[in-house]
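Just below is one structure, and these are the notes that go with it.
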Amino acid sequence: MLGICLDNVRKTVPLVHNITNYVTVNDVANILLACGGSPIMSDEPEDVEDITSICGGLNINIGTLNQRSIQGMHRAGKKAAQLHHVLLLDPVGAGASALRTNTAVDLMEQLPFTVIRGNISEIKTLALGSGKTRGVDADVSDAVSDENLDSAVAFVKDFAQRSHAIVAVTGAIDLVSDGQRCFVIRNGRPEMGKITGTGCQLSGMMTAFVVANPDRRLEAAAAAVCAMGLAGETGWSRMAPGDGNSTYRNRIIDAIYNMDGAALDKGAKYEVR
């Protein structure tokens, strides 16, 4: 069911404009290429409207903010909205500082996001107006678990309805909802948390998946989450003695590069609530 979403990315090669985290910009570009998409990066305010006009989707990641890039985010977002492009917000570190929180809230209020993707602490900050993060990581007290799964699913559905967006919460258990249905996804490895930027990579890849599947956007977002988690499992299975997190990062990208729809359907672990 979800594998067709990956196959459609490879067939259509969606061009994705990324205003993203300086720490992970190269990895975001590489994973987009690995899944079959095409990346372009620009945050210069005088450049972003032209760049986003030739793309099918815009991925906005607030991980390394400055006043120039914030202006670029708004200008690109407004142009993408005018063109009815897919818009994704990754509110990295929302709750860690006033600038991050206020920027994410302002973007949400002014732009019609198709997808909002973050960890549970970031999403709670946007939904509730308060929260706590450990830098850009989720606070352990917020973590989605089997014990609080029912309430977490209800929370994500409610925020998706209120924000008129698909909401993807990623962590040990991933939740992806359009307000009516919620995919509960259990792919991935805990060691993925030792790599900087797996979430940033996922946001770029998710934008491509949603662009390539306009008639099944919820399934496309869930497919991207499953694919990233499955790549983490596959990459970890290929680790050799002496390999570390740098090698693991590359093995995850390689696993995406070699994945097809059939492999994704076979390896995806999810239920729909």
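Salt bridge annotation for Arg273-Asp150: present, with a cationic side-chain nitrogen under 4.0 angstrom from a carboxylate oxygen. Salt bridge status for Asp243 with Arg251: present, with a side-chain N to carboxylate O gap under 4.0 Å. Using a cutoff of 4.0 Å between basic side-chain nitrogens and carboxylate oxygens, Glu49 and Lys78 are not scored as salt-bridged. Taking the charged nitrogens against the carboxylate oxygens, Asp7 and Lys11 have no contact shorter than 4.0 Å, which rules out a salt bridge.
For Thr24 (side chain) and Asp27 (main-chain N/O), no donor-acceptor pair under 3.5 Å exists by modelled atom type. Between the Asp174 side chain and the Gly171 main chain, a donor and an acceptor come within less than 3.5 Å of each other. One N or O on the side chain of Asn66 and one on the backbone of Ser69 form a donor-acceptor pair closer than 3.5 Å. Of the possible polar contacts, one joining the Glu122 side chain to the Gly93 backbone as a donor-acceptor pair under 3.5 Å is found. In this structure, the side chain of Asn250 does not engage the main chain of Thr247 through any donor-acceptor pair within 3.5 Å. Side chain of Asn187 to backbone of Ile185: no donor-acceptor contact under 3.5 angstrom is found.
Note that the NZ atom of Lys194 and the OG atom of Ser246 stand 15.5 Å from one another [nearest 0.5 Å]. To the nearest 0.5 angstrom, Ile252 atom CD1 is 7.0 Å from Gln201 atom CD. Between atom CG of residue Asn213 and atom CD1 of residue Ile4 there is a gap of 7.5 Å, rounded to the nearest 0.5 Å. To the nearest 0.5 Å, atom CG of residue Asn30 and atom OH of residue Tyr257 are 11.5 Å apart. To the nearest 0.5 Å, atom CD1 of residue Ile19 and atom OG1 of residue Thr64 are 11.0 Å apart. Taking CG of Asp265 as the reference point, atom CG of Asp260 lies at 9.0 Å (rounded to 0.5 Å).
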Which donor-acceptor pairs under 3.5 Å do side chains of residues 36-43 form with protein atoms, sequence neighbours excluded?
| residue | atom | partner | partner atom | Å |
| --- | --- | --- | --- | --- |
| Ser42 | OG | Asp47 | OD2 | 2.6 |
| Asp43 | OD1 | Arg68 | NH1 | 2.9 |
| Asp43 | OD2 | Tyr22 | OH | 2.8 |

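Every residue meeting the ring pair (Phe, Tyr, Trp, His ring centres under 6.0 Å) condition with Tyr270, not counting sequence neighbours, appears here in chain and number order: Phe183. Residues that satisfy the ring pair (Phe, Tyr, Trp, His ring centres under 6.0 Å) test with Phe159, not counting sequence neighbours, are absent from this structure. The salt bridge (Lys or Arg N to Asp or Glu O under 4.0 Å) test applied to Arg186 returns Asp146, not counting sequence neighbours. Scored by the salt bridge (Lys or Arg N to Asp or Glu O under 4.0 Å) test, Arg216 finds no partners at all (sequence neighbours excluded).
Applying the under-4.5 Å side-chain rule to Ile, Leu, Val, Met, Phe, Trp and Tyr, the cluster around Val13 consists of that residue alone.
Contact between Gln180 and Gln161 at its shortest, heavy atoms only, is NE2-NE2, 3.8 Å.
Counting heavy atoms from C-beta on, the side chains of Lys79 and Ser53 come closer than 4.5 Å.
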